[in-house]
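Lettering follows sequence order; numbering is per chain, from 1.
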Amino acid sequence: MDLNKLADALIPDDDLQPPAYYEEKYPPRAMKKGAEVTRLAPSPTGFMHLGNLYVALANERIAHGSGGVLYLRIEDTDSKRKVEGAVDVIQSSLRYFGIDFDEGAEIGGEYGPYYQQQRAKIYRAYAKELIRRGRAYPCFCTEEELAAVREKQTENKLLPGYYGEFAKCRDLSEAEIYQNLAANKPYVIRFRSEGDVEKKSVFHDEIKGEITVTENNQDVVILKSDGIPTYHFAHVIDDHLMRTTLVIRGEEWLASLPIHIELFKALGFRMPRYGHNCSIQKIDETDGTRRKLSKRKDPEASLVFYREEGYHPLAVRIYLMTLLNSNFEEWHLKFPDKPVEEFRFSIAKMGKSGALFDLDKLNDVSKDVLARLSAGEMADFLQTWAEGYGTAEQQSWLTDRDYLLQVLALCMGVGAKKRRKDFVTAKQAADVISYFFRAEENPAFRADGETVKAVLQNFMAVYDPADDNAAWFDKLKKVAGALGFASDMKAYKAAPENYRGNVSDVAEIVRVALTGRANTPDLCTIMRILGAEECRRRVAGVVANV
RNA sequence: GGCCCCGUGGUCAAGAGGUUAAGACACCACCCUUUCACGGUGGUAUCAUGGGUUCGAUUCCCGUCGGGGUCACCA
């Protein structure tokens with residue numbers, strides 16, 4: 001069979017460059033030893049998964065930690081999944097969490113274009129070359145035919161797929177091929193595999209270590225009927241031509257590694273190194289089993305979730321780093337103020353087994369991150385969050401910057417010996433500080449109405465905003481004593497039956513009346529921030545209703 | 001089902017042929033304290049299982065079990 005003629009018939013494009021042209025156009029990168037070229041290659045589906053960020057962080061740290069390059073390639077070969085504006089979503093969400101690319105889509109670079117759709121000619125050139133060499137052939141099978149074969153294979157407990165005797169179009173005669181072409185039958189281009197599933201070999205995975213791979217024997221599709229390549233083919237060509245040195249990707253790709261290995265070999269490309277990263281999982285409530293975080297079932301699977309909730313990007317970053325590198329957490333505990341970039345990220349320290357997503361742990365990390373912010377930084381963070389996701393009311397709270405800073409300084413314990421860790425997320429923080437901006441609707445007291453009224457009236461009668469903390473508390477104790485509450489905790493503990501309660505019960509009444517909640521930072525300071533007038537108004541409201 | 005990956009407390013995990021099997025989160029108790037938070041002290045809890053190698057295996061080997069992934073003209 002005249003393979004050159006076949007190649008021309010199958011891929012008639014007259015504007016293709018020979019493979020050698022691309023080899024020269026995209027030469028190996030001049031980089032210092034040890035520098036890694038890594039990439040992120042998401043599909044523009046408009047949805048960004050936590051797993052995307054997870055693997056992005058690993059690639060980013062490896063590239064930048066080694067003085068290498070991180071680039072963004074858009075895998076838009078499936079037109080059915082493509083969503084308008086998805087590339088913006090990818091870039092903006094990754095940037096929010098601190099992933100910056102050196103080259104790639106929308107940034108450009110010497111190894112572009114970085115959209116696979118724009119690289120169609122390149123793939124076709126290599127596919128044509130494979131046809132000429134007899135390593136690729138046209139397949140005219142319809143979807144129905146393939147499905148029927150698969151069904152039969154499954155029935156007979158055979159390996160499903162297009163291989164060996166089941167590869168009907170593999171050895172079509174020249175006449176049959178041209179007949180089909182003349183009849184305008186749609187066709188795909190398949191790779192002619194020479195592998196044998198009985199043969200296994202050891203492969204070194206940068207994360208998993210020594211793994212065994214079974215040879216591929218599938219004649220996989222490399223060019224779909226629309227002339228666009230499949231993932232497998234595009235991956236091999238792109239990562240070769242873009243001179244990727246290390247591919248860190250999800251372990252769901254492990255199963256197709258044999259295909260990639262054979263394609264690299266057939267094309268005569270040197271393979272990049274691979275690291276297959278485990279995925280973030282969660283326990284399914286319905287059956288108690290582990291599974292990947294699901295886009296459909298788990299809101300926390302989406303990167304949008306963390307922005308809506310107002311998680312600080314650094315918190316998410318630190319949390320993911322603790323999952324990614326087992327010694328990161330200890331390092332971070334030791335040097336809490338050092339930027340993450342200073343940590344020596346190592347592929348060797350990446351875990352082999354999938355980790356369960358732990359919101360408690362993330363929350364704990366978040367508290368620490370927020371507690372290290374200055375009041376000004378926290379105010380900025382809150383404002384940015386509120387502009388995007390807060391209610392109109394919450395936005396209005398933040399307009400008086402000076403007032404806000406006073407509130408934050410108190411709630412964060414700025415200036416105190418130890419910082420408070422009340423804030424977890426921006427959303428939760430907004431809720432925590434709400435009482436500074438509006439009185440609570442129906443404060444719930446544990447004490448009876450008469451007692452509440454007496455405590456509030458007595459205390460407000462002597463309250464003086466000019467008092468310092470000690471004087472303020474002295475007055476509270478006097479009120480407590482006058483009403484039969486113990487003003488001295490030790491005395492109370494010695495003989496609680498002699499009292500109606502103690503000074504903390506009295507403080508609680510004032511606290512609840514003013515803030516609507518039983519737990520707040522220092523009450524005296526809260527009253528100072530609210531102002532005497534506002535305090536009196538709130539107390540009056542409570543006394544009238546109780 | 002075939003193939004592949006994984007298996008140390010509830011979670012993330014360090015670890016090495018011999019350890020009292022680190023640490024963090026969560027949980028519990030106590031202390032501090034006008035409440036809460038912070039902080040401090042202490043505590044509960046782990047090597048999936050069977051066999052082999054070995055003086056000794058949680059660690060090395062094999063089987064079993066369990067969990068996960070994958071078997072598209074999707075990535």
request  = Report which part of the nucleic acid A:Arg290 touches: base, sugar-phosphate, or nothing (heavy-atom distance under 4.0 Å, all strands).
outcome  = sugar-phosphate
ask   = Looking for any heavy atom pair under 4.0 Å, which part of the strands does A:Glu75 touch: base, sugar-phosphate only, or nothing?
value = sugar-phosphate
ask   = Where the side chain of A:Leu146 is concerned, which of B:rC73, B:rC4, B:rC38 is the nearest nucleotide?
value = B:rC73
inquiry  = Can you check the distance between B:rG18 and B:rC47, where both ends of the measurement are the C1' atom (answer in whole Å)?
reply    = 16 Å
inquiry  = For the P atoms, the ones on B:rA29 and on B:rC36, what distance do you get once it is rounded to whole angstrom?
reply    = 13 Å
message = Between B:rC36 and A:Arg511, counting only base atoms on the nucleotide and side-chain atoms on the residue, is there a donor-acceptor pair under 3.5 Å?
response = no
query = Contact class for A:Thr77 (heavy atom, under 4.0 Å): base, sugar-phosphate, or nothing?
reply = sugar-phosphate
note = Closest of B:rU34, B:rC73, B:rC3 to the A:Lys200 side chain is B:rC3
ask   = Between B:rG52 and B:rU8, how far is it from one P atom to the other, in whole Å?
value = 24 Å
message = Heavy atoms only, 4.0 Å cut-off, all strands: where does A:Lys349 land among base, sugar-phosphate and nothing?
response = sugar-phosphate
key: Heavy-atom side-chain proximity of A:Ile228 to A:Leu223 below 4.5 angstrom   = no
inquiry  = Quick check: any donor-acceptor pair below 3.5 Å linking the side-chain of A:Ser225 to the base of B:rC73?
reply    = yes
query = Donor-acceptor pair under 3.5 Å: do we get one between A:Lys418's side chain and the base of B:rA37?
reply = no
request  = Indicate yes or no: at least one non-hydrogen side-chain atom of A:Leu373 is less than 4.5 angstrom from one of A:Met378.
outcome  = yes
ask   = Under the criterion side chain to side chain donor-acceptor pair (under 3.5 Å), which of A:His332, A:Lys421, A:His312, A:Arg419 is the partner of A:Asp368?
value = A:Lys421
task = Taking atom P in both B:rU53 and B:rA72, compute the distance separating them and give it to the nearest angstrom.
result = 45 Å
request  = Look at A:Glu215 together with A:Lys200 and state whether they make a salt bridge at an N to O cut-off of under 4.0 Å.
outcome  = no
query = Just checking A:Leu158: base, sugar-phosphate only, or nothing, at a heavy-atom cut-off of under 4.0 Å?
reply = nothing
message = Over all strands shown, is A:Lys157 touching base, sugar-phosphate only, or nothing at heavy-atom distances under 4.0 angstrom?
response = nothing
query = Side chain of A:Lys421: nearest nucleotide among B:rU34, B:rA13, B:rG39?
reply = B:rG39
inquiry  = Heavy atoms only, 4.0 Å cut-off, all strands: where does A:Gln218 land among base, sugar-phosphate and nothing?
reply    = nothing
query = Checking all strands, does A:Arg150 fall into the base, sugar-phosphate, or nothing category for heavy-atom contacts under 4.0 angstrom?
reply = sugar-phosphate
Letter per nucleotide, 5' to 3', of nucleotides 57-62 of chain B [B base touched, S only sugar-phosphate touched, - untouched; heavy atoms, 4.0 Å] = ------
A:Arg446 atom CZ: more than 12 heavy-atom contacts under 6.0 Å = no
note = Whole-Å distance, A:Glu198 CD to B:rC4 P, equals 11 Å
request  = On RNA chain B, check which nucleotide each of A:Phe357 and A:Asp364 is closest to and give me the residue with the more 5' one.
outcome  = A:Phe357
